[in-house]
Every structure is written in structure tokens, then in C-alpha cells.
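Quick notes on the structure that follows.
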Protein chains: 2
Amino acid sequence: MVTLEHVARAAGVSRATVSRAVTGSGPVSADALRRVRAAAEALGYVADPIARALARGTGTRLVVAMTGTSDAVLDCAYTGRVLSTAARLLAPEGLGVALRRLPLHAPAAELDALARDRTVGGVVLVNTTAEELAAVPRELRGRVVSIGVGSAVVPSVDVDAAAAAAASVAHLVRSGRRRIAMVTGPEWLPCTRRPVAAFRAAVAAAGLPVRTVPGGFDAAAGAAGAEEVLARWPDTDAVLGSCDDVALGVLAVLRRHGRQVPGDVAVTGFDDAPLAEVTDLTTATHPVERITDAAVRAVLTGAPADGTLFFPSELVLRRSA
Amino acid sequence: MVTLEHVARAAGVSRATVSRAVTGSGPVSADALRRVRAAAEALGYVADPIARALARGTGTRLVVAMTGTSDAVLDCAYTGRVLSTAARLLAPEGLGVALRRLPLHAPAAELDALARDRTVGGVVLVNTTAEELAAVPRELRGRVVSIGVGSAVVPSVDVDAAAAAAASVAHLVRSGRRRIAMVTGPEWLPCTRRPVAAFRAAVAAAGLPVRTVPGGFDAAAGAAGAEEVLARWPDTDAVLGSCDDVALGVLAVLRRHGRQVPGDVAVTGFDDAPLAEVTDLTTATHPVERITDAAVRAVLTGAPADGTLFFPSELVLRRSA
DNA sequence: GTGAAAGCGCTAACAG
DNA sequence: CTGTTAGCGCTTTCAC
């Protein structure tokens, strides 16, 4: 194993100088810099992240903290996508990923524990709530980022779900649908409010009735939502699901009620999950990998909070709508 | 932050003694042990994994190494499940998870790099091949485990896919199917050979024709496999898919050919993925969480290799068969 | 600009 | 059985 010491000897300088040269902190003469770089290159030096973490007091892992009402959220496909992306990105840095669930209420204790834990280098909050953002301890600032809503101190990235909802409505209206309902996401989740508002605005602007029912993120919620839609507005000719799983639940209920899709009722989802293609579901893409990528980089670089960074979503037309 | 030093002072012993008491390594008098425990408890001491890793020369993360022909395997749902489980299990230990793909051929270089990387505490090989097992460097022994096939030095855990295949065939035969075909998993993957062998044995034992076609693990492979099955044996009345995705591909092709499911042809999958429930697919469970759990624990404890530990799979009957 | 020296918190010889 | 003594590899004051 080649250490700082070896590079220092090869370059004819002290360990301190090599450290400064390698990390870019502190002053180093152009000449020393060149020699250190050459030596490091020649020896194939790469800093040990563990020793560095111990000396700096920084952590060696990034915690993905999913907010949710139960541990079930940790097993969903979305969590898996976020984790895979983060783990892959961090692998070359010598950093790892850990997974934790944050309780929906009173998350302060958990967040404080994370802030105190010297092994955590940064935190990515997923499905963040306002209560959670308010509870982010000062010590975590600069190394926490949110996927979803953000705050003045917590930078955030998200998909442009509002645009996706608007695009879905536009497509449905264009293809002749006039009585469009939406099964929304979980009510406690702030970032689902944007697409709902966009949906309401879009149908209202088209002069159509505004129909929404509370939903969630799984097929069961979609099924329940569809039942409610059919009960309240039997003439509905299109349903937007908050995500693909919800849309599949909607499809199951429509089939049970003998409604043809897309003949009688059109259905759209959101995510473009693998099952959307298999089930021929019209849906909008959710670039989870790009979003996670941005979030991880933001944590690593300590990016300041300046509004939410939105990633575009694209409508994928298939048989269902 | 409370360190070893604090506990030592409170217990009236040296740091070394506290270390021995806490880790359980080396001799400590019953009296000292008691006092150290009390002090540690009172102060809420918890060892810093980073300092420990630096001193011991062990890593702070566990690498999940997926074998595959392309990076696409890193994005599949299965990888996500493995990663979520591992990340959750490791969180309380202060350890993280990293994700890497191992090339199908000549994996020795990658494995050597992992062995040399001081940040890696252990490795979980997924979809292991014989070539890979042979290339496991000596330095990795005792901290590497395989999900799939194992070797004399690499312990392994897997699902009992052979039993699942046999159970599926038994169910199909019981319900009157007589011309059963199987779309197998990827040919390069050794652990898929067991269920194929079990399938062949089961149909042969029932006095039925043995029909298998090479497949893979995604819907496209299932579709291609189904086309081949229909071309070679048009009278087939049941198809086993190597996994749920494959079964969905099979379903799509059957539908396209106007075959009724389960009327004309029965279809079964394997995994019991979320989409199996949504699409009413008869399938066998794949306890990925339990398997990963066992694998991670084995890496952490350095369990010796003594044959593959198999986890049971259960048939879930739904509409498709 | 540069080097010497003092740690970060823990483990592991080595004497006693 | 226990304490002392060196480190693990890197960062970071603080003099020069």
C-alpha cells in the first residue's frame, strides 16, 4: 500500500506538503505541486478514505433517509432505484450507503442521532416533509439534501411532476376525454401537491370538471381511489394515477367493473416503471437515476440551497391512453 | 463525544482493558468487565467504526458485486431488493454498502482490486460464476460470500429454486397439464441449472415430454422463449418462466398468438414480485430479503464455507395456472 | 511556502 | 490479567 509518506519521499517534500497539494487546501509552490503530482501519479497513490475520515472527522457513508409511515417504504422499487444509483456513484469515492426510515412524526430525534453519528458523511432525505425540514439540526447543514421539497437551508431536487400532470391532461383532452379524474399521492407528502395543483389547473383551464380523490403510492391505494371515482362520477372517461402502481390498481378495478381500457376509460400513470411497459400503460418518465445523481453530488460538494432543481419528465404513449 | 478514554477513566482501568472488554478479545477479569460495562452503559459509549477500521485495517463498507453482461443488471429490481436489505442491516453497524458490477469474463482484476481496497470490509457476490469463484483472491477469504453457487472457500446462500420448479410442475400436472415447457434463465449463470434439472426430472418422472428453451431474466427473453416454444411444440399447454419478468414476456406472446391463459396455456413465474400480484400470475416466492440477510451476516461473522444454505420457496396460486 | 509535531479514536504487541 | 507504548494514514495548527 502506498501512503502519503511514500509520495513525500519520492517528491522530496514533507507529508504536510503532499497533503496540501493533493487536497488543494493551503498554499503550495507551483514547483512542489508538480513534483508531488508526478510522484503520486507514478506510485499510483490514492488517499485512504478511512484515515482521512478519522483525521477530518467526516464520515464514510451517506445515509438515505426515507420518510414513511412504515418500513414497507424501504422495500419498494423506488427505494431500490435510489439506493442502486447512490451506491454505484459512491463506490469509486470509497464511500458507502446506508438506509434508514424516518418516522412521519417527530423525526427530530432520528435526525439529531444522524448528526451526532461520526460515520455519516451526508444525508439524502427522500419524501421529505415540512416538519422534517424544520428539524434538520444545524450540524447537518451543508451535507444534507432533499429529494422532494426543500427549504432555505436544505437544497432539493425533484422531478417536474407538475409538468408531467399537465402534459398527461393535455394528451387526454386532445384525444377527446372530457371527464378526467385523478387519484393523488399520499396526503402527507408535500411534493405530491404540485402535480395535483397542476392537474386541477389544467382541467379547469380546459373547461372540464375538476375531480380528485386522495390516493397513495401503491396498487391498493389505486384500487380504492378508482372505486371512489366510479362511485362519485360514474361517467368518468379518464383517470390519472399518481404513479404506475396506482394506475395498475385503477386498471384492475376498471376491469372488474367491466369498463374497457382505453375504450371506455383511459388510464395514465407516472414513473415509467418496467411494469408500465409490460402492461402497456401510458405514463410519464421519472428520471430517478438523474435525480439521485444530482442529490448525491450536492451532498458531496455541499451545494447551497437555492430553490428546487427540477428534472423534466416525458410522456410515454402506450395503449392505455 | 464519548471515547474509550472516558470509559477507561470512569471505570478506573486503562484504555486497553476497555477495548478488550468491549470487543471481547483478550482476557479481562470479571470485576473489570463489570465496571467497564457499567461505565460504558452510563456514558452511552459506542465505538467509532472509523477509528476501529483504521486501527484494525478493516473496511467500513460491504461491496455488493453483481455479475452481469452489462450495467443494466445494476438497475434491476432484484439488485434494488438486495441493496435495500443490506443497507438496512448494516446501518446500525456503522457500515455502508457499495455497488459494483463484475464482468462476466476475467473478473480477477476487479476482485484483486477489491481485495486491495482497504475500505472494503467484505464482499457479497451475486450471480456468481465458477470462473469468479476461482478468481477470489486469498486476501478476501473469510469475508466474501456468494448468493448463488459457492465453493470450498466461499460460503453460499440461495433460494431452493429446484424445489420451486418441482412444486410448479406438480401443480400443473395435478391440474391436468400434460405438455409443459420451460423458458430457462441465462445460460452463463450456474445457479439456474438446478431448477432446470429439477424441471426435467419432474416432467420425466410424470411420464411427460421434456421441453426446455434457453431464456434469460427479462421480459424480452421470455417473449423470445415463448415464440420458440410455440414454434417447436404448438401443442404446449403450460409454460414455466425462470422468473416473473420472463413469465410476463411469455404472457404477452401468448396473448398475441390468441392463446387463452389459463384456458389454453397455463403460465407460472418465479420471484413473486409485486407485478405478479397485479397481473394475477401464479408464481413461487423468492425470499431475497432473508437470503441477503443471511449473506450479510455471514460476511460480518466470517462464516466458513460448508455447502450452500438453501431458503425455501413457496408456490403462490393465482389465475394464470 | 514549508516542515515538524500533535493528534483523530481505536487496536495490538509487549512487558509486567 | 493489566497497563504502557506504538502505531493505523491523514490533516492541521504553528513556527520557521
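Residue numbers start from 1 in every chain, and the chains themselves are labelled A, B, ... in the order their sequence lines are given, proteins ahead of strands.
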Please determine whether a side-chain nitrogen of the Lys or Arg among [X] and [Y] lies less than 4.0 Å from a carboxylate oxygen of the Asp or Glu.
X: Arg37(B); Y: Glu41(B); result: no
X: Arg35(A); Y: Asp31(A); result: yes
X: Asp293(A); Y: Arg297(A); result: yes
X: Arg88(B); Y: Asp75(A); result: yes

Please report, rounded to the nearest Å, how far the [atom2] atom of [N] is from the [atom1] atom of [X].
X: Leu54(A); N: dC8(C); atom1: CG; atom2: P; answer: 9 Å
X: Leu4(A); N: dT12(D); atom1: CG; atom2: P; answer: 12 Å
X: Glu5(B); N: dT5(D); atom1: CD; atom2: C1'; answer: 14 Å
X: Arg56(B); N: dC10(C); atom1: CZ; atom2: P; answer: 11 Å
X: Arg118(A); N: dC10(C); atom1: CZ; atom2: C1'; answer: 11 Å
X: Ile50(A); N: dG9(C); atom1: CD1; atom2: P; answer: 16 Å
X: Asp48(A); N: dC10(C); atom1: CG; atom2: P; answer: 17 Å

* Structure fact -> Testing dC10(C), dG9(D), dT11(D) for proximity to the side chain of Thr3(B), the answer is dC10(C)
* **Sugar-phosphate, base or nothing in reach of Ser25(B), heavy atoms under 4.0 Å** => nothing
* Asked: Do we see a donor-acceptor contact under 3.5 Å between the side chains of Arg61(A) and Thr119(A)?
  -> yes
* Are OP1 or OP2 of dT11(C) and a side-chain N or O of Ser19(B) less than 4.0 angstrom apart? -> yes
* Where along nucleotides 2-7 of chain C does protein come under 4.0 Å, by heavy atom, of base (B) or sugar-phosphate alone (S), with - for untouched nucleotides? -> BBB-BB
* To do: Determine, using ring centers only, whether Phe311(B) and His286(B) are less than 6.0 Å apart.
  => no
